[in-house]
Amino acid sequence: MTDMGLVIVGAAGRMGRTLIRLVTETEGVTVAGAIEREGSPFVGQDAGVVAGLPALGIAISDDPLPVFAQAQGVLDFTSPAATLGFAEIAAQARIVHVIGTTGLSAEDHAAIDAAARHAAIVQSGNMSLGVNLLAQLVRQAARALDEDFDIEVLEMHHRHKVDAPSGTALLLGQAAAEGREIDLAEHAVRVRDGITGPRPRGAIGFAALRGGSVIGDHSVMLAGEGEMITLSHHASDRALFARGAIKAALWAHGRKPGRYSMADVLGFTD
Ligand SMILES: NC(=O)C1=CN([C@@H]2O[C@H](COP(=O)(O)OP(=O)(O)OC[C@H]3O[C@@H](n4cnc5c(N)ncnc54)[C@H](OP(=O)(O)O)[C@@H]3O)[C@@H](O)[C@H]2O)C=CC1
Ligand SMILES: O=C(O)C1=N[C@H](C(=O)O)C[C@H](O)C1
């Protein structure tokens with residue numbers, strides 16, 4: 001069988017470079033193209049060299065349409081505005097779109113839903129096996145424990161991260177809300193500053209730390225009277241997100257158009 005050709009958009013970014021390396025090492029997939037924004041100094045450079053590998057003979061382009069037309073999937077860890085543009089083009093080309101980009105608004109999610117009518121899209125705030133397992137455990141714990149246990153989601157990332165709370169923190173908060181059978185938007189406390197008053201019963205709180213080169217640390221605390229359960233995940237290498245994204249692309253290849261999650265890819269049913 002021929003390899004699945006994957007286009008890496010945001011190819012010169014932290015995740016883009018990691019994806020190029022991982023795709024070249026993984027059986028069944030090949031780098032079919034690499035995209036950066038118009039005006040980027042990386043346009044025209046060899047994608048392999050930018051990723052720290054020997055040359056691949058693939059020049060980074062700023063024109064996604066003809067590149068997507070020659071591929072079967074797109075791996076996208078860029079920015080919300082860029083991802084919406086890529087979703088339209090991937091839908092036009094009818095190819096798999098794996099979206100790792102975070103900081104997406106409700107309107108962005110609606111636009112992704114629209115694109116998913118024409119192509120298979122796998123979107124997740126975190127592509128790692130460990131975090132998606134953690135979300136299952138958080139859902140279970142939140143279901144088992146009532147509102148006497150306060151749920152707080154804590155995350156820390158490197159100093160370059162531009163969105164907060166992280167996509168993973170929101171994914172974990174969503175899992176907790178599902179366990180409690182409540183609407184996250186109605187119960188989320190995303191910012192605290194000044195005289196906040198006591199904690200609302202049943203709230204799901206978020207706290208975001210930024211500093212250094214931290215790749216991604218997440219903890220969900222369920223704090224009761226005199227006892228606390230903490231469920232945590234520590235990422236020490238971006239390769240784990242890249243492996244998940246490649247797995248998602250292979251899983252979605254040949255599937256009918258629709259919006260899928262990493263839980264679908266990993267076969268987590270609860
Ligand atoms: N779901 C998951 O598992 C994970 C998600 N992420 C998310 O992925 C995203 C990227 O993270 P990271 O790699 O650290 O960020 P970087 O800023 O290092 O990389 C993003 C890249 O995308 C490029 N880009 C932006 N707009 C466009 C465009 N219109 N066309 C082509 N390229 C574009 C940027 O170029 P320029 O610098 O010129 O703007 C940059 O090279 C973030 O939202 C992050 O939260 C990260 C890790 C795991
Ligand atoms: O920006 C990052 O780096 C990461 N972003 C994702 C998020 O917002 O949760 C996933 C991972 O933690 C790294």
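Remember, predicted model here, so these are calculated numbers, not experimental data. Both counts, for ligands and for their atoms, begin at 1 and track the order of listing.
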Next on the checklist: With respect to Phe241, determine whether any N or O atom, backbone or side chain, lies less than 3.5 Å from an N or O atom of ligand 2.
Outcome noted: no
Next on the checklist: Tell me the protein heavy atom at minimum distance from atom 7 (C) of ligand 2, and give that distance in Å.
Outcome noted: Gly167 N, 3.4 Å
Checklist entry - For ligand 2, which atoms sit closer than 4.0 Å to a heavy atom of Ile215? => result 3 (O), 13 (C)
Item to check | Residues Asn126 and Ser128: side-chain donor-acceptor under 3.5 angstrom | outcome: yes
Item to check | Val7 reachable from Ile246 in the ILVMFWY side-chain graph, under 4.5 Å edges | outcome: no
Next on the checklist: Do Leu184 and Leu172 sit in one hydrophobic cluster, given that two such residues count as connected whenever their side-chain heavy atoms are within less than 4.5 Å of each other, even indirectly?
Outcome noted: yes
Checklist entry - Counting heavy atoms not belonging to Glu88, are there more than 12 under 6.0 Å from its CD? => result no
Item to check | Nearest non-hydrogen protein atom, atom 12 (O) of ligand 2 | outcome: His157 NE2, 2.6 Å
Checklist entry - Would you say Thr168 and ligand 2 have an N/O pair spaced under 3.5 Å apart? => result yes
Checklist entry - Under 3.5 Å, is there a donor-acceptor pair between the His233 and Asp217 side chains? => result no
Next on the checklist: Could you tell me, atom by atom, which parts of ligand 1 come under 4.0 Å of a heavy atom of Lys161?
Outcome noted: 45 (O)
Next on the checklist: Looking at non-hydrogen atoms alone, which of His218, Arg238, Lys161 comes nearest to atom 5 (N) of ligand 2?
Outcome noted: Lys161
Checklist outcome for this item: Of all protein heavy atoms, the one nearest atom 43 (O) of ligand 1 is Thr102 N, 3.0 Å
Checklist entry - Mind checking whether Leu134 and Val138 have side chains closer than 4.5 Å, heavy atoms only? => result yes
Next on the checklist: Checking Val74 against Leu6 for the side-chain contact (heavy atoms from CB on, under 4.5 Å) test, could you report, in this order, the C-alpha distance in whole Å, the side-chain angles of both residues, the deciding distance, and whether it holds?
Outcome noted: CA-CA 5 Å; Val74 183; Leu6 297 173; over 6 Å; no
Checklist entry - Hey, any chance Ile89 and Val98 share a hydrophobic cluster, counting ILVMFWY side chains that come within less than 4.5 Å of each other, even indirectly? => result no
Checklist entry - Which residue holds the protein heavy atom closest to atom 22 (O) of ligand 1, what is that atom called, and what is the gap in Å? => result Gly10 CA, 3.3 Å
Checklist entry - Mind checking whether Thr101 has a heavy atom under 4.0 Å from ligand 1? => result yes
Item to check | Heavy atom of the protein closest to atom 19 (O) of ligand 1 (residue, atom name, distance) | outcome: Gly13 CA, 3.3 Å
Checklist entry - Which residue supplies the protein heavy atom nearest to atom 39 (O) of ligand 1, what is that atom called, and how far is it? => result Arg37 NH2, 2.6 Å
Item to check | Arg199/Asp150 salt bridge by N-O under 4.0 Å criterion | outcome: yes
Item to check | Region of Phe241 engaging ligand 1 - heavy atom pairs below 4.0 Å | outcome: side chain
Checklist entry - Are Thr78 and Thr83 linked by a side-chain donor-acceptor pair shorter than 3.5 Å? => result yes
Checklist entry - Side chain of Asp46, backbone of Gly57: donor and acceptor closer than 3.5 Å? => result yes
Next on the checklist: I want to confirm something. Looking only at heavy atoms, which of Glu36, Met15, Glu38 is nearest to atom 34 (C) of ligand 1?
Outcome noted: Glu36
Item to check | Proximal atoms of ligand 2 relative to Ser166 (non-hydrogen, under 4.0 Å) | outcome: 7 (C), 8 (O), 9 (O)
Checklist entry - Can Gly167 be said to touch ligand 1, with heavy atoms closer than 4.0 Å? => result no
Checklist entry - Is Leu209 reachable from Val214 through a run of I, L, V, M, F, W or Y residues, each pair having side-chain heavy atoms under 4.5 Å apart? => result yes
Checklist entry - Looking only at heavy atoms, is any part of Leu171 under 4.0 Å from ligand 2, and if so is it the side chain, the backbone, or both, or is it neither? => result neither
Checklist entry - So, does Asp163 use its side chain to make a donor-acceptor pair with the main chain of Ser166 at under 3.5 Å? => result no
Checklist entry - Angle class for the His157/His218 ring planes (parallel below 30°, perpendicular above 60°, tilted otherwise)? => result perpendicular
Checklist outcome for this item: Residue, atom and distance of the protein heavy atom nearest atom 29 (N) of ligand 1 read Ala82 CB, 3.4 Å
Next on the checklist: Give me the nearest non-hydrogen protein atom to atom 30 (N) of ligand 1 as residue plus atom name, then the distance to 0.1 Å.
Outcome noted: Phe86 CZ, 3.4 Å
Next on the checklist: If you measure every N or O of Gly100 against every N or O of ligand 1, does any of those distances drop under 3.5 Å?
Outcome noted: yes
Item to check | Cationic N near anionic O, under 4.0 Å, Arg243 to Glu25 | outcome: no
Checklist entry - Looking at atom 37 (O) of ligand 1, would you say a protein heavy atom lies below 4.0 Å from it? => result no
Item to check | Heavy-atom nearest neighbour in the protein, as seen from atom 2 (C) of ligand 2, with distance rounded to 0.1 Å | outcome: His158 NE2, 3.6 Å
Checklist outcome for this item: Atoms of ligand 1 under 4.0 Å from any heavy atom of Asn126, numbered from 1 in the order shown, are 1 (N), 2 (C), 3 (O)
Next on the checklist: I need the full list of side chain to side chain donor-acceptor pair (under 3.5 Å) pairs touching residues 169-182, with sequence neighbours left out, sorted by first then second residue.
Outcome noted: Arg139-Glu178, Gln174-Glu178
Checklist entry - Can you tell me which residue and heavy atom of the protein come closest to atom 6 (C) of ligand 2, and the distance to 0.1 Å? => result Gly125 O, 3.7 Å
Next on the checklist: Could you identify the single nearest non-hydrogen protein atom to atom 3 (O) of ligand 1 and state the distance to 0.1 Å?
Outcome noted: Met127 N, 2.9 Å
Checklist outcome for this item: The closest protein heavy-atom partner of atom 14 (O) of ligand 1 is Arg14 NE, 3.0 Å
Item to check | Within-cut-off N or O pair, Ala12 and ligand 1, under 3.5 Å | outcome: no
Checklist entry - Would you say Ser124 touches ligand 1, if touching means a heavy atom closer than 4.0 Å? => result yes
